[in-house]
Q: 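My questions all concern the structure below.
As the structure is a computational prediction, the values presented were derived from the model and not from experiment. Heavy atoms only: backbone and side chains are in, while hydrogens, waters and symmetry mates are out.
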Amino acid sequence: MDILKIKDLSVGYGDKKILKDLSINIKKNKITSIIGPSGCGKSTFLTTLNLMIEENGGNFTGEILFEDKNILSYRKDDIRKKIGIVFQKPAPFPFSIYKNLTYAPRYYGIKDKKELDSIVDKTLKMAGLFHETHEDLNMSAMKLSGGQQQRLCIARALTVDPEILLLDEPCSALDIKNTANIEEMLLNFSKDYTIIIVTHNLSQAKRISDYTAFMLDGELVEFGETKEMFNNPKDKRTKEYIEGIYG
């Protein structure tokens, strides 16, 4: 089942085009990796999917359907609740772990402390942070390590129970151990969430994703099942990128 259907998507800032006529369908409860060289439009693609692009001064044409409904027909708050995003650099709010994880639920109207406590416990466990942090939830999130901060940001995105989780290079600044922790977490999440991850790490894309999209110069060159794309790329440019000839 396709949870997102994207047709003829073009994105730009003023007269500068970043994405050009991109069409792709994203499968529900699968992990889709977006690969391609720096500057090809991967991050722009992500931020367009939950309308963050508009906050950055961008604009788009084409159609994005979320569960067969145009995302422009949703309130922005509602679409961002359904489609959460975690950026490359860990960005915890500069207050306690507990407040980081209750900020969004409170914003969306949850006031009951028992319910908030339950959300905090659940998302910390999902992110593999519970045993590391549950005895000191009032500690500033800024005191966590880089890997812990990134897992907290992922946990924070899950506190409103989104259907899609967008991740922009979530492991780029992390060591091997923290990268492995996040990859394991994402594989577990895909049973309940649809995940779209931008990554420069081709090995990561091969390890965790069901589908892979290769982008180049703002265009979608190739999209398909990950194993098939890496073993038998249909486009010469995909083959050259996978083999490290450029990018």
Side-chain angles (χ1 to χ4, degrees), residues 2-27 32-91 153 157 162-173 194-202 205 209 211-224 229 233-242 244-247:
D2 297 327
I3 191 169
L4 277 178
K5 297 177 182 177
I6 298 143
K7 184 177 181 182
D8 300 327
L9 179 68
S10 293
V11 183
Y13 293 91
D15 295 330
K16 184 179 180 181
K17 276 282 192 295
I18 307 297
L19 297 180
K20 309 160 194 170
D21 299 320
L22 189 151
S23 295
I24 185 174
N25 290 348
I26 302 295
K27 299 289 184 185
T32 299
S33 285
I34 313 294
I35 62 172
S38 296
C40 71
K42 302 186 298 298
S43 297
T44 297
F45 175 66
L46 276 200
T47 56
T48 304
L49 296 181
N50 72 347
L51 302 179
M52 287 288 293
I53 189 73
E54 295 182 349
E55 311 301 327
N56 299 329
N59 58 81
F60 72 91
T61 59
E63 192 173 59
I64 303 172
L65 300 181
F66 170 62
E67 296 183 330
D68 292 322
K69 184 177 176 182
N70 195 306
I71 63 167
L72 294 177
S73 66
Y74 291 87
R75 292 173 59 248
K76 286 183 180 179
D77 280 356
D78 291 338
I79 202 66
R80 289 170 189 165
K81 183 179 180 185
K82 295 286 189 180
I83 306 177
I85 190 165
V86 177
F87 295 102
Q88 178 176 359
K89 184 179 178 182
C153 291
E163 296 190 40
I164 299 175
L165 187 61
L166 310 174
L167 299 144
D168 190 0
E169 292 277 5
C171 303
S172 64
T194 301
I195 296 169
I196 305 174
I197 178 171
V198 164
T199 180
H200 277 100
N201 187 331
L202 298 185
S209 58
Y211 294 88
T212 296
F214 171 56
M215 293 176 59
L216 183 66
D217 296 330
E219 297 180 357
L220 177 65
V221 174
E222 189 167 342
F223 173 67
M229 179 179 291
K234 294 179 174 61
D235 192 287
K236 179 185 177 183
R237 293 167 294 175
T238 309
K239 184 174 187 292
E240 289 175 345
Y241 181 73
I242 289 171
I245 293 175
Y246 69 90

Q: To the nearest 0.5 angstrom, please state how far the SG atom of C40 sits from the CD1 atom of I34.
A: 9.5 Å

Q: Evaluate the side-chain proximity of H200 to I35: yes if any heavy-atom separation is below 4.5 Å, no if none is.
A: no

Q: Testing I64, L49, L51 for side-chain contact (heavy atoms from CB on, under 4.5 Å) with I79, which one passes?
A: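 It is L51; the other options fail the test.
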
Q: Does the side chain to side chain contact (heavy atoms under 4.5 Å, CB included) test come out yes or no for I3 and K27, once each step is laid out?
A: CA-CA 6 Å; I3 191 169; K27 299 289 184 185; over 6 Å; no

Q: With a 4.5 Å limit on heavy-atom distance, are the side chains of I6 and L22 in contact?
A: yes

Q: Do L19 and M215 make a side-chain contact, defined as non-hydrogen atoms from C-beta onward lying under 4.5 Å apart?
A: yes

Q: Mind checking whether F223 and T212 have side chains closer than 4.5 Å, heavy atoms only?
A: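 With C-beta onward as the side chain, the pair stays apart.
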
Q: Would you say the side chain of K17 lies within less than 4.5 Å of the side chain of S10, judging by non-hydrogen atoms?
A: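 Result yes, sub-4.5 Å side-chain heavy-atom pair found.
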
Q: Would you please name every residue forming a salt bridge (Lys or Arg N to Asp or Glu O under 4.0 Å) with D78, sequence neighbours left out?
A: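 Applying salt bridge (Lys or Arg N to Asp or Glu O under 4.0 Å) to D78 gives R75.
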
Q: Between the side chain of T47 and the main-chain N/O of S43, is any donor-acceptor distance below 3.5 Å?
A: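 The answer is yes, because a donor-acceptor pair under 3.5 Å joins these two groups.
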
Q: Shortest non-hydrogen contact from A213 to I24?
A: CB-CD1, 3.9 Å

Q: How far apart are the closest heavy atoms of G84 and P162, and which atoms are they?
A: N-CB, 4.0 Å

Q: Is there a side-chain contact between L4 and I196, using heavy atoms and a 4.5 Å cut-off?
A: yes

Q: About how many Å separate CG of N50 and OH of Y74, when rounded to the nearest 0.5 Å?
A: 13.0 Å

Q: For residues D235 and E222, report the shortest heavy-atom separation together with the two atoms involved.
A: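 Heavy-atom minimum between the residues: N-OE1, 2.9 Å.
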
Q: About how many Å separate CD of E169 and CG of L46, when rounded to the nearest 0.5 Å?
A: 10.0 Å

Q: Hey, is K76 close enough to E54 for a salt bridge, meaning N to O under 4.0 Å?
A: yes

Q: Run the side chain to side chain contact (heavy atoms under 4.5 Å, CB included) test on F60 and L72 for me, step by step, so that the C-alpha distance in whole Å, both residues' side-chain angles and the decisive distance to 0.1 Å come before the verdict.
A: CA-CA 11 Å; F60 72 91; L72 294 177; 3.9 Å; yes

Q: Just how far is it from atom NZ of K5 to atom CD1 of I71, taken to the nearest 0.5 Å?
A: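 The NZ atom of K5 sits 15.0 Å away from the CD1 atom of I71.
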
Q: Mind checking whether F214 and P37 have side chains closer than 4.5 Å, heavy atoms only?
A: yes

Q: In terms of heavy-atom contacts, does NZ of K239 have more than 12 from other residues, nucleotides or ligands at under 6.0 Å?
A: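 Atom NZ in K239 is not crowded, with 12 or fewer foreign heavy atoms closer than 6.0 Å.
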
Q: Any side-chain heavy-atom pair from V198 and F45 closer than 4.5 angstrom?
A: no

Q: Rounded to the nearest 0.5 Å, how far apart are NZ of K236 and OG1 of T238?
A: 12.0 Å

Q: Which value, rounded to the nearest 0.5 Å, describes the distance between R237 atom CZ and E219 atom CD?
A: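 Going from the CZ atom of R237 to the CD atom of E219 covers 7.0 Å.
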
Q: Are any side-chain N or O atoms of Y241 and backbone N or O atoms of G36, one a donor and one an acceptor, separated by less than 3.5 Å?
A: yes

Q: What are the two closest non-hydrogen atoms of A91 and C153, and how far apart are they?
A: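 Nearest pair, atom of A91 first, then C153: N-SG, 3.4 Å.
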
Q: Would you mind checking if E63 and K7 are paired as a salt bridge, meaning a charged N to carboxylate O distance below 4.0 Å?
A: no

